[in-house]
Q: 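Take a look at this one; I'll ask things after.
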Amino acid sequence: SHKLALDRDCMTLSRHVLKQFQDFSPEAQDLSALMSRIALAAKLIARRLTRAGLMDDALGFTGQTNVQGEAVKKMDVYANQVFISVFEQSGLVCRLASEEMEKPYHIPENCPIGRYTLLYDPIDGSSNLDVNINVGSIFAIRRQSDPDIDETGQDLLQSGRGQIAAGYVLYGPSTMLIYSIGTGVHAFTLDPTLGEFVLSNENIRVPEHGPIYSVNEGNFWQWDESIRDYIRYVHRHEGYTARYGGALVGDFHRILFQGGVFLYPGTVKKPEGKLRLLYESAPLAFLIEQAGGRASNGTQDILDVVPDQVHARTPLIIGSTEDVALVESFIRERQ
Ligand code: AHG
Ligand code: MN
Ligand code: MN
Ligand code: MN
């Protein structure tokens, strides 16, 4: 019917956020405005990704090394700057913390200061950039309580329970934005002809169990024996299939929709694993719990982990409740 078509075309992200609040409180307006800024950043990044192969200076490395010790790609820098640019004059945030910045970026004095902090991974899966495989952006929003924030971001060292919104953008065959403000998980698909993210999936629930296990088996001999035991189990049992795309956002998205488990365990050299808590694991843990799944570091819920520094890493096991529990049972056996 016409109504349905009209509704579908017009259920935009900012309208959906207001609908989730069922009121027009200042916080509802703030979150709606924050999400539409995230959407703008996503569109700017998606546009450059689509054209990158035809431009002179969009792909490849900058020659710099970031605080993570990683070789920085031009797209990492571009995407990091896009988030700063769309939020700088927004009057919504007072600070932005990102994988690509050693210390948080503070909104300049001459700009309107907001009450929120944005934590983000501007490009997740950078190793996929030069081979045209999907990458993502991950974000979390926290309320900035006390006015005096120091420049180190020490006040950000709290558990993921303090997140008021989280989500990610998946730059794939279509560009999708998935978010939650604590009232379920909702997916939007960018309609390039409208320049709008249009609601495509509402109240997504992750299956209790799924066939997928997603892990980089190249690290097999670096893991704890308990993780090797788990992998031997799935190798031996029917009904499991391996999918690993090299970008957390893409691997997570598949599990959110089809069930299963993604794991990036600690290794002998890096017991804390590779993935960062504040802008990778905690936002996705917020989402997976909202979708009826679980996220653990092996012994504790990710959302209860308190980091000791802004770029703290954590082992990550995330996905269907039954599959996360199975991995944890192997870990407990060996404790
Ligand atoms: P980023 O590109 O933001 O640094 O994140 C890369 C992460 C994550 O996206 C992915 O799951 C993981 O690195 C892949 O690591 P391996 O190449 O070691 O498997
Ligand atoms: Mn990186
Ligand atoms: Mn990442
Ligand atoms: Mn990144």
Side-chain angles (χ1 to χ4, degrees), residues 41-42 45 49 52 59-83 96-102 118-140 166-172 178 212-223 227 231 242-256 260-288 295 297 302 307 310-319:
I45 294 166
L49 285 168
L59 293 175
F61 293 88
T62 63
Q64 309 299 316
T65 304
N66 66 10
V67 64
Q68 321 288 339
E70 299 167 346
V72 178
K73 293 204 166 169
K74 292 174 186 168
M75 198 63 75
D76 285 321
V77 173
Y78 172 80
N80 190 61
Q81 186 53 48
V82 162
F83 279 91
L96 296 97
S98 127
E99 177 202 1
E100 302 300 338
M101 299 188 288
E102 180 156 3
L118 177 77
L119 300 105
Y120 64 107
D121 177 0
I123 293 287
D124 173 66
S126 308
S127 62
N128 285 351
L129 279 170
D130 298 347
V131 290
N132 194 35
I133 307 288
N134 70 269
V135 293
S137 302
I138 308 172
F139 63 90
Y168 61 88
V169 184
L170 175 56
Y171 308 100
I178 286 79
I212 293 157
Y213 73 100
S214 184
V215 68
N216 182 345
E217 301 205 27
N219 297 329
F220 187 83
W221 292 107
Q222 325 301 324
W223 292 329
I227 302 293
I231 296 296
R243 289 284 185 278
Y244 193 74
L248 171 59
V249 165
D251 290 328
F252 176 84
H253 188 76
R254 185 190 290 111
I255 281 167
L256 178 66
V261 62
F262 171 95
L263 47 162
Y264 204 108
T267 59
V268 175
K269 276 185 284 185
K270 290 186 184 171
E272 293 308 297
K274 173 181 183 180
L275 300 176
R276 285 58 49 126
L277 179 71
L278 283 179
Y279 40 78
E280 288 178 312
S281 300
L284 298 187
F286 182 87
L287 290 178
I288 202 74
N297 65 3
I302 289 287
V310 170
H311 300 296
R313 298 171 193 260
T314 173
L316 177 64
I317 304 160
I318 189 166

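Atoms within each ligand, like the ligands themselves, are counted from 1 in listed order. Along the sequence shown, residues are numbered consecutively beginning with 1.
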Q: Can you name the atoms of ligand 1, numbered from 1 with element, that are less than 4.0 Å from a heavy atom of Glu70?
A: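 Numbered from 1, ligand 1 contributes 4 (O).
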Q: Can you find a non-hydrogen atom of Arg276 under 4.0 Å from ligand 1?
A: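 Arg276 counts as a contact of ligand 1 under the 4.0 Å cut-off.
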Q: Any non-hydrogen atom of Gln68 lying under 4.0 Å from ligand 1?
A: no
Q: State the atoms of ligand 1, each with its element, that fall below the 4.0 Å cut-off from a heavy-atom position in Asn216.
A: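 Here the atoms of ligand 1 in question are 16 (P), 18 (O), 19 (O).
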Q: To the nearest 10°, how many degrees is the angle Asp121 OD2 to the Mn ion (ligand 3) to Asp124 OD1?
A: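 The two atoms form an angle at the metal of about 100°.
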Q: To the nearest 0.5 Å, how far apart are CG in Asp251 and CD1 in Ile212?
A: 9.5 Å
Q: State the atoms of ligand 1, each with its element, that fall below the 4.0 Å cut-off from a heavy-atom position in Leu248.
A: 8 (C), 9 (O), 10 (C), 11 (O)
Q: Short check: any N/O/S atom of Glu280 below 2.8 Å from the Mn ion (ligand 3)?
A: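 An N, O or S atom of Glu280 is closer than 2.8 Å to the Mn ion (ligand 3), so yes.
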Q: Identify the heavy atoms of Phe83 and Leu96 that sit nearest to each other, and give their distance.
A: O-CD2, 3.8 Å
Q: OE2 (Glu99) to the Mn ion (ligand 2) to OE1 (Glu70): angle, nearest 10 degrees?
A: 90°
Q: Are any of the heavy atoms in Asn219 under 4.0 Å away from ligand 1?
A: no
Q: Would you mind running through ligand 1 and noting each atom that sits below 4.0 Å from a heavy atom of Ser126?
A: 2 (O)
Q: Any idea which of Asn66, Asp124, Asp76 brings a heavy atom closest to atom 8 (C) of ligand 1?
A: Asp124
Q: Atom 18 (O) of ligand 1: which protein heavy atom is closest, and how many Å away?
A: Tyr264 OH, 2.7 Å
Q: At what distance is the nearest protein heavy atom to atom 17 (O) of ligand 1, and which residue and atom is it?
A: Lys274 NZ, 3.9 Å
Q: Once you measure the plane-to-plane angle for His253 and Tyr168, does it fall in the parallel (<30°), tilted (30-60°) or perpendicular (>60°) bin?
A: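 Because their plane-to-plane angle is over 60°, the rings of His253 and Tyr168 count as perpendicular.
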Q: Give a yes/no on ligand 1: does Gly246 have at least one heavy atom closer than 4.0 angstrom to it?
A: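 So Gly246 counts as touching ligand 1.
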Q: Would you tell me whether Asn219 and Thr267 have side-chain atoms, one donor and one acceptor, within less than 3.5 Å of each other?
A: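 Asn219 vs Thr267: no donor-acceptor pair found between side chains.
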Q: Would you say ligand 1 has an N or O under 3.5 Å from any N or O of Glu99?
A: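 Indeed, backbone or side chain, Glu99 has an N or O that close.
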Q: So, applying side-chain contact (heavy atoms from CB on, under 4.5 Å) with Val249, which one of Ile178, Asp124, Asn128, Ile123 is it?
A: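 Only one of Ile178, Asp124, Asn128, Ile123 forms a side-chain contact (heavy atoms from CB on, under 4.5 Å) with Val249, namely Asp124.
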Q: I need the atoms of ligand 1 closer than 4.0 Å to a non-hydrogen atom of Asp121, numbered in the order shown.
A: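 Going through ligand 1 atom by atom, the ones under 4.0 Å from Asp121 are 3 (O).
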Q: Which of the atoms of ligand 1 are close to Leu275, meaning less than 4.0 Å from one of its heavy atoms?
A: 7 (C), 8 (C)
Q: What are the atoms of ligand 1, with element, lying closer than 4.0 Å to any heavy atom of Gly125?
A: 1 (P), 2 (O), 3 (O), 5 (O), 6 (C), 9 (O)
